Asks: 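Below are the structure tokens for one structure; questions will follow.
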Amino acid sequence: MAAALAGWLLLLAVAVVWGHDLLPGGTLNVHAPPFQGHYRFLPRAVVPGTLLAVLGVGVLPVLARRGAWRVLPVTAAAAAALWAVGLAVWDGHDSIGGPVGRAHEYLPAVPRVGNDPHAFLVGFADAVAHRDLPVHVDGHPPLMVLVFWAWDRVGATGPGWAGALVIAVGSSAVAAVLVTVRALGDEDAARRALPFLVLGPFAITVATSADAFFLGVGAWSAAALALALRRGSWPLLVTAGLLAGSLAYLSYGLLPYGAVLAAVGWLGVRRHGLPGGGGRSLVGPVVALVAGLAIVPAVFTAAGFWWFDGVQATHRAWQLGKGDDRPYLYSLVADLAILGVLVGPATAAALARRPGRVPTVLAGSAAVALLLLAVSGVTRLEVERIWLPFAPWLVLLTAGLPGRARGWLAVNAACALAFQLLVRDVW
């Protein structure tokens with residue numbers, strides 16, 4: 001455990017020092033390497049979070065051990081939302097809704113949809129190719145813009161409501177991960193990991209980035225799949241497919257999330273068999289899952305957006321922007337250092353432990369997905385938000401930490417607080 005923690009600190013130190021050496025060249029386009037933001041020292045930024053961390057370290061381990069399961073996922077999601085808001089709220093309510101409404105975000109593109117989402121989708125790839133949209137919209141498929149557009153249409157107008165949606169969906173991922181682990185047969189691991197999921201350092205971008213919405217959708221696709229296999233439910237298989245299919249239309253970088261879903265499927269089939277067919281027939285479950293997977297691609301294609309055109313347009317925009325300029329080797333090291341901050345030193349320490357098959361396989365699948373993204377060079381920095389959907393699956397490793405692990409829980413919370421104290425994040 002000591003070696004793992006030392007490795008965590010060394011990786012972060014290398015990313016910081018090396019990044020500062022590269023700053024004069026101007027290729028990083030960051031001011032607080034490896035993070036996308038600015039260094040600062042602002043003690044008041046951590047006052048709300050510190051109070052919540054002290055409360056959480058004292059209460060969460062007891063709640064996780066003794067609480068009735070029927071209330072644990074909802075309670076954990078609510079506590080995670082409070083933690084995320086507590087970390088972000090130091091500058092008033094604008095710290096919550098403000099980031100998702102900035103000029104480079106999705107929300108400013110909502111007026112482009114107007115009364116004709118079909119026309120928006122037909123012209124989307126061309127608009128990206130001509131860099132005629134906000135930066136984050138250029139870098140992603142159009143589904144998130146349409147989510148905010150629909151949210152606006154039901155009367156939830158403005159950055160505050162958009163922030164509330166993102167926080168609610170992103171924080172619910174904690175519940176989804178717990179439900180998944182229990183459905184796969186390891187309630188004990190779910191309970192032991194619960195405090196670390198709630199006080200996870202990855203919360204630093206849950207209240208400030210629309211990628212938290214991706215986090216929630218991905219986690220619930222896994223939960224629906226695990227529950228479908230446990231209950232033998234074909235409707236839940238369709239739901240799992242529907243949510244999984246939407247991931248590729250939220251972010252091109254979420255294709256490797258299929259590794260997590262494959263791990264859930266393997267563990268679920270191994271424990272529960274297949275829905276229907278006496279555990280032997282693949283046809284029905286596969287048809288249900290594929291039918292769900294096909295819904296979102298079919299709708300978008302019929303509406304005029306061809307996914308591969310979007311990929312090509314986004315790649316061209318990425319090459320013209322700062323992403324392609326960033327040094328590959330530094331980005332590889334820095335991305336892993338940022339991931340270490342997202343999951344916290346307790347997760348690094350847990351690498352030396354044995355949390356059980358379910359947490360190990362799920363964390364391993366997330367690690368494989370992230371390694372593919374890192375080695376490909378597609379994600380060069382900015383992974384505080386881009387890799388957010390994968391972080392909770394790695395945090396599951398903390399289920400293997402010994403005893404009540406309050407000390408490690410406090411260390412992980414302190415990691416998030418240190419980030420808030422020292423870095424003004426742009427997300």
Side-chain angles (χ1 to χ4, degrees), residues 1-25 27-41 87 196 199-206 208-209 211 215 253 256 322-352 363-364 366-398 408 411-427:
M1 293 174 72
L5 183 57
W8 183 90
L9 289 168
L10 178 62
L11 184 62
L12 182 57
V14 168
V16 171
V17 174
W18 189 1
H20 275 83
D21 286 343
L22 293 173
L23 277 180
T27 58
L28 291 184
N29 192 34
V30 298
H31 302 285
F35 307 106
Q36 184 79 3
H38 302 269
Y39 284 126
R40 54 95 190 276
F41 181 77
L87 289 172
F196 293 92
L199 292 182
F202 60 83
I204 57 179
T205 49
V206 166
T208 58
S209 168
D211 290 67
L215 164 68
K322 295 293 184 181
D324 198 33
D325 295 336
R326 291 166 174 165
Y328 171 82
L329 187 56
Y330 174 74
S331 297
L332 179 62
V333 173
D335 286 354
L336 296 176
I338 296 169
L339 177 64
V341 172
L342 286 178
V343 300
T347 302
L351 289 172
V368 168
L370 291 174
L371 189 60
L372 286 173
L373 287 170
V375 172
S376 72
V378 172
T379 51
R380 300 190 188 184
L381 306 184
E382 304 183 30
V383 297
E384 302 97 304
R385 60 178 186 85
I386 298 172
W387 286 3
L388 179 61
F390 299 93
W393 303 108
L394 293 172
V395 173
L396 284 175
L397 291 174
T398 57
W408 284 115
V411 168
N412 252 26
C415 175
L417 293 169
F419 181 90
Q420 289 298 107
L421 177 68
L422 300 173
V423 180
R424 180 176 176 84
D425 199 13
V426 301
W427 312 122

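Throughout, residue positions are numbered sequentially from 1 according to the sequence presented. Keep in mind that this is a model prediction, so the values were computed, not measured.
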Asks: Between L339 and L394, is there a side-chain heavy-atom distance shorter than 4.5 Å?
Replies: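 SC-SC contact between L394 and L339 confirmed.
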
Asks: Atom CG of L422 and atom CZ of F41: how far apart are they, to the nearest 0.5 Å?
Replies: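 One gets 7.0 Å once the value is rounded to the nearest 0.5 Å.
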
Asks: Quick check: do Y330 and P34 have side-chain heavy atoms less than 4.5 Å from each other?
Replies: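 They are in contact (side-chain heavy atoms under 4.5 Å apart), so the answer is yes.
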
Asks: As an exercise, state the distance from CG of L370 to CZ of F390, rounded to the nearest 0.5 Å.
Replies: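 Between L370 CG and F390 CZ, I get 5.5 Å after rounding to 0.5 Å.
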
Asks: Just jot down the side-chain contact (heavy atoms from CB on, under 4.5 Å) partners of A414, sequence neighbours excluded, or say none.
Replies: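 Per chain and number, A414 pairs via side-chain contact (heavy atoms from CB on, under 4.5 Å) with no residue.
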
Asks: Testing the basics here: between P201 and A416, what is the closest heavy-atom pair and its distance to 0.1 Å?
Replies: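 So the minimum-distance heavy-atom pair works out to CA-CB, 3.7 Å.
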
Asks: H38 vs H31 aromatic rings, parallel, tilted or perpendicular, using cut-offs 30° and 60°?
Replies: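 Parallel, since the angle between the ring planes stays under 30°.
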
Asks: Of all heavy-atom pairs between W393 and A366, which one has the smallest distance, and what is that distance?
Replies: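 That closest heavy-atom pairing would be CB-CB, 3.8 Å.
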
Asks: side-chain contact (heavy atoms from CB on, under 4.5 Å) with A413: which residues, sequence neighbours excluded?
Replies: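 With sequence neighbours excluded, A413 shows a side-chain contact (heavy atoms from CB on, under 4.5 Å) to A53, W83, L199, given in chain and number order.
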
Asks: Rounded to the nearest 0.5 Å, what separation is found between the CH2 atom of W387 and the CG atom of L373?
Replies: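 Rounded to the nearest 0.5 Å, the CH2-CG separation comes out at 6.5 Å.
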
Asks: To check you understand the geometry: which heavy-atom pair defines the closest contact between L342 and E384, and what is its length?
Replies: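 Closest approach of L342 to E384, heavy atoms only: CD2-O, 3.7 Å.
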
Asks: What distance separates L87 CG from I204 CD1, expressed to the nearest 0.5 Å?
Replies: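 Rounded to the nearest 0.5 Å, the CG-CD1 separation comes to 8.0 Å.
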
Asks: For N412, give me all partners under side chain to side chain donor-acceptor pair (under 3.5 Å), at least two apart in sequence or on another chain.
Replies: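 Side chain to side chain donor-acceptor pair (under 3.5 Å) check on N412 returns nothing, list empty.
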
Asks: May I ask you to test the T205-F419 pair for a side-chain heavy-atom distance under 4.5 Å?
Replies: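 Heavy-atom side-chain distance check fails, nothing below 4.5 Å.
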
Asks: Judged by atom type as modelled, is there a donor-acceptor pair below 3.5 Å linking the side chain of R380 to the main-chain atoms of L332?
Replies: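 No; zero donor-acceptor contacts below 3.5 Å.
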
Asks: Identify the heavy atoms of P345 and W408 that sit nearest to each other, and give their distance.
Replies: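 Looking at all heavy atoms of both residues, the shortest contact is O-CZ3, 4.2 Å.
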
Asks: Please tabulate, for the side chains in residues 4-17, all donor-acceptor contacts under 3.5 angstrom to protein atoms that are two or more places apart in sequence or on a different chain.
Replies:
from, atom 1, to, atom 2, distance (Å)
W8, NE1, G340, O, 2.7

Asks: Could you report the tightest heavy-atom contact between A374 and T379, atom names first, then the distance?
Replies: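 Here A374 and T379 meet closest at N-OG1, 4.2 Å.
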
Asks: Quick check for you: to the nearest 0.5 Å, what is the distance between Y328 atom OH and S376 atom OG?
Replies: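 Rounded to the nearest 0.5 Å, the OH-OG separation comes out at 7.5 Å.
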
Asks: Quick one, L22 and P327 - any side-chain contact, counting heavy atoms below 4.5 Å?
Replies: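 Yes, side chains in contact.
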
Asks: To the nearest 0.5 angstrom, please state how far the CG atom of L396 sits from the OG1 atom of T398.
Replies: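 Between atom CG of L396 and atom OG1 of T398 there are 7.0 Å.
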
Asks: Holding to salt bridge (Lys or Arg N to Asp or Glu O under 4.0 Å), I want the full list of residues that pass it with D211, two or more places apart in sequence or in another chain.
Replies: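 Salt bridge (Lys or Arg N to Asp or Glu O under 4.0 Å) list for D211, sorted by chain: R385.
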
Asks: Which label fits Y39 and H20: parallel for a plane angle under 30°, tilted from 30 to 60°, or perpendicular past 60°?
Replies: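 Answer is parallel, since the angle falls under 30°.
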
Asks: Restricting to non-hydrogen atoms, name the atom on V30 and the atom on R326 that form the minimum distance, rounded to 0.1 Å.
Replies: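 Closest heavy-atom pair between V30 and R326: CG1-NH2, 4.2 Å.
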
Asks: Would I386 and L381 satisfy side chain to side chain contact (heavy atoms under 4.5 Å, CB included), going step by step from the backbone distance to the final call?
Replies: CA-CA 9 Å; I386 298 172; L381 306 184; over 6 Å; no

